[in-house]
Amino acid sequence: MNIRIPKGTQDILPEDISKWYFVENKIREVLIKYGYQEIRTPIFEHTELFVRGIGESTDIVTKEMFTFLDRKGRSLTLRPEGTAPVVRSYLENKMSRVYPVLKLFYLGPMFRCEKPQAGRFRQFHQFGIEVIGTKSPEVDAEVIIASIEVYKKLGLKNLEVLINSVGCKKCRAIYIQKLKEFIKDKIDFLCLECKNRYSKNPLRILDCKKDSCQKIIKKTPIITEYLCQDCQQHFAEVKSYLDILGIKYFVEPRLVRGLDYYTKTAFEIISGELGAQNAIGGGGRYDDLVEELGGDPTPAVGFAAGIERMIIVMNQQNVEWPKNRGLDIFVAKVKGINKDIAFKLLQKVRSAGLSADMDYSSKSLKSQMRLAHKIDVKYTVIIGEEELAKNMVTLRNMKTKEQKEVKIDNLIDELTLCINNV
RNA sequence: GUGGCUAUAGUGUAAUAGUAGCACAACAUCCUGUGGAGAUGUUUGCACGGGUGCAAAUCCCGUUAGUCACCCCA
């Protein structure tokens, strides 16, 4: 055991893989129903994409990226999130020419070099959706609803939707001004972190959980009161669409997200069962990002969710996972029977479209049966000398323990019939 | 990146300085050709590296990893 798995990564073992199939299938099923198309972008991109997209001063860019040089000295970065790559692809492939409004989703690993913790890994998986090319508030609502439906279809319960508007460039600047003015004479009472934030990213002060800061935060002006006409109306409409569809949400005027590109709508979906990392998904509108990355001004809105965190909550809520489906057929042979016969028969069964396996080591029939039981096969074909002399094999139903002799020539038909009846 | 706690067979645990044990799991035999039981038996372990001691799983230091909190986020 010399070489071990890198910190913060994990193997998804065969015993868990059906959970992942289940989750991934449900995600695709729901999102396709909502009219989203899957896109797969590379695992790594030019570092510049994330620096410009996510924001130079964000935590992700300053201290969480896996960045490396390729052999020609170009800086590449393992993607820490999915939105910037999708927008890059959108621009590079000139997708706007074909679809004025594009609805995309992605599903795959992301990388952030953080200290691992409950629900936090260095390689983790997200699914996300992006709608590029419309500023309609219905779409903000749809993105939220689509994500909620994914959660629901997976059996997740007791989730809360927190929503806020962080305004556009213009009104946010005004608000930040007001915020700074308000805090200015109280800055000595803030924690060290927040003192730094004051100049670097004052909005983030609102997120601080320290009691001393909270006292001040509670009295700060609220961004929603400073929204411009356009942002105010947009926010009101988003909420009304959620109301129309009966989605419960909490307006959280101090919700601020960690990525710089958000404008107007920002939202988070949280679960009480996750400890400190309670966000199971989050997103918002990013009306300036496409332009920031070199495209024409194009409004967009998106969402991303952490799949590991979803699975953690599902496990805690005792969601019933679909059972692993065992193989259809196991081929066993009695000692003394030529291996070739079993091997050939096995392949014949597989060719007929049934899943099948055998034990290649020459073990006793008993241990072969044990293996057949362990891997949960439906039927076992036993090749014995007496039957073989009659050109027959024994076919055993592992569930009912009934068995009968079948002519080898009729075996495939018989098996197909049996399996279809299970 | 900072701090607290943890590390013994595949899993879960005991021994707290003096022969590493138990349960489950796995495998085999009892049954010269039949899988969830039983009996018997077998295999598998002190995370890594140093230090103190006659003697270290046990005490000390470091590393690594896990875990929890902070920060931030999915």
Side-chain angles (χ1 to χ4, degrees), chain A residues 1-10 13 15 54 57-64 79-83 107-128 147 151 191-194 196-197 201 204 207-210 213 255-259 268-271 274-283 303-313 326 330 332-337 359 361 363-388 393-403:
Chain A
M1 283 287 282
N2 283 327
I3 300 174
R4 289 194 291 180
I5 195 167
K7 191 187 183 114
T9 63
Q10 50 190 173
L13 300 173
E15 63 202 61
I54 301 170
S57 68
T58 56
D59 283 352
I60 292 180
V61 169
T62 55
K63 51 189 191 190
E64 294 172 4
R79 61 179 186 194
E81 59 102 47
T83 301
L107 176 55
M110 304 291 165
F111 306 83
R112 291 185 200 170
C113 191
E114 296 183 88
K115 189 155 174 175
Q117 207 180 309
R120 173 187 291 163
F121 311 95
R122 289 187 168 185
Q123 173 173 347
F124 59 102
H125 295 76
Q126 286 188 330
F127 83 86
S147 58
Y151 295 136
C191 67
L192 192 68
E193 291 279 347
C194 286
N196 287 330
R197 288 171 176 154
N201 198 341
R204 209 63 64 69
D207 241 0
C208 189
K209 284 158 195 150
K210 294 209 175 70
C213 297
L255 175 69
V256 179
R257 311 215 70 245
L259 293 83
E268 225 163 69
I269 296 175
I270 62 171
S271 162
L274 277 172
Q277 273 66 48
N278 64 358
I280 197 169
F303 166 84
I307 295 178
E308 282 84 356
R309 288 191 187 175
M310 286 160 50
I311 292 177
I312 289 169
V313 176
F330 190 87
K333 69 171 196 64
V334 166
K335 248 175 228 162
I337 298 288
D359 186 346
S361 58
K363 281 186 184 162
S364 66
L365 183 61
K366 187 185 181 87
S367 70
Q368 292 177 66
M369 292 303 290
R370 213 177 304 184
L371 181 61
H373 172 248
K374 195 166 148 188
I375 62 177
D376 196 27
V377 300
K378 299 183 182 99
Y379 284 86
T380 299
V381 173
I382 300 165
I383 308 172
E385 295 194 56
E386 286 168 28
E387 301 94 308
L388 207 53
V393 290
T394 295
L395 177 57
R396 182 175 173 88
N397 181 327
M398 296 299 276
K399 202 171 173 187
T400 63
K401 301 185 181 183
E402 286 167 326
Q403 62 184 49

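In what follows, chains are A, B, ... by sequence order, proteins preceding strands, each numbered from 1. Predicted model, so just to flag it, every value in this text is computed and none were measured. Computed over heavy atoms, backbone and side chain alike; hydrogens, waters and symmetry mates excluded.
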Quiz item: Which nucleotide in the set B:rC71, B:rG3, B:rU34 lies at the smallest distance from any side-chain heavy atom of A:D59?
Solution: B:rC71

Practice problem: Could you tell me the separation between the CG atom of A:L13 and the P atom of B:rU11, rounded to a whole number of Å? | Solution: 11 Å

Quiz item: Between B:rA74, B:rG33, B:rU67, which one does the side chain of A:I382 approach most closely?
Solution: B:rG33

Quiz item: Contact class for A:L365 vs. all strands (heavy atom < 4.0 Å): base, sugar-phosphate, or nothing?
Solution: base

Quiz item: Taking all non-hydrogen atoms of both residues, which atom of A:P116 and which atom of A:K7 are closest, and how far apart?
Solution: CD-CE, 3.7 Å

Practice problem: Any chance you could lay out the side chain to side chain contact (heavy atoms under 4.5 Å, CB included) test for A:F121 and A:E114, step after step, and finish with the verdict? | Solution: CA-CA 7 Å; A:F121 311 95; A:E114 296 183 88; over 6 Å; no

Quiz item: Which is true for A:E387 with a 4.0 Å heavy-atom rule: it touches a base, it touches only sugar-phosphate, or it touches nothing?
Solution: base

Quiz item: How close or far is atom C1' of B:rU63 from atom CZ of A:R4, stated in whole angstroms?
Solution: 10 Å

Practice problem: For A:D359 and A:F330, run side chain to side chain contact (heavy atoms under 4.5 Å, CB included): C-alpha distance rounded to whole Å, both residues' side-chain angles, the deciding distance at 0.1 Å, then the answer. | Solution: CA-CA 8 Å; A:D359 186 346; A:F330 190 87; 4.0 Å; yes

Practice problem: Scan A:E64 against the nucleic acid and name what it touches under 4.0 Å (heavy atoms): base, sugar-phosphate only, or nothing. | Solution: sugar-phosphate

Quiz item: With respect to the side chain of A:E114, which nucleotide from B:rG33, B:rC68, B:rA74 is positioned closest?
Solution: B:rA74

Practice problem: Indicate syn or anti for B:rG53, taking the glycosidic torsion and treating anything within 90° of 0 as syn. | Solution: syn

Quiz item: Of the candidate nucleotides B:rA74, B:rG35, B:rU67, which contains the atom at the shortest distance from the side chain of A:K115?
Solution: B:rU67

Quiz item: When all nucleic acid strands are considered with a 4.0 Å heavy-atom cut-off, which category describes A:S367: base, sugar-phosphate, or nothing?
Solution: sugar-phosphate

Quiz item: Do A:T394 and A:E387 meet the criterion of a side-chain donor-acceptor pair at a distance under 3.5 Å?
Solution: yes

Quiz item: With respect to the phosphate group of B:rA28, does any side-chain polar atom (N or O) of A:R370 fall under 4.0 Å of OP1 or OP2?
Solution: yes

Practice problem: Pick base, sugar-phosphate or nothing for A:Q403, based on heavy-atom distances below 4.0 Å to the nucleic acid. | Solution: base

Quiz prompt | B:rU40 pairs with, by Watson-Crick or G-U criteria that keep both distances under 3.5 Å | solution = B:rA28

Exercise. Mind checking A:A372 for me? I need base, sugar-phosphate or nothing, with any heavy atom below 4.0 Å counting as a touch.
Key: nothing

Quiz item: So what does A:K374 hit on the nucleic acid, given a heavy-atom distance under 4.0 Å: a base, only sugar-phosphate, or nothing?
Solution: sugar-phosphate

Quiz item: So what does A:G82 hit on the nucleic acid, given a heavy-atom distance under 4.0 Å: a base, only sugar-phosphate, or nothing?
Solution: nothing

Practice problem: Could you please name the option among B:rG35, B:rC71, B:rA65 that lies closest to any side-chain atom of A:K7? | Solution: B:rA65

Self-check item: Step-by-step side chain to side chain contact (heavy atoms under 4.5 Å, CB included) determination, A:N278 to A:S271
Solution: CA-CA 5 Å; A:N278 64 358; A:S271 162; 6.0 Å; no

Self-check item: Residue-phosphate contact under 4.0 Å: A:K363 side-chain N/O, B:rG35 OP1/OP2
Solution: no

Quiz item: Any side-chain N or O of A:Q117 under 4.0 Å from OP1/OP2 of B:rU67?
Solution: no

Self-check item: For atom CD1 of A:I375 and atom C1' of B:rG36, their distance in whole Å
Solution: 15 Å

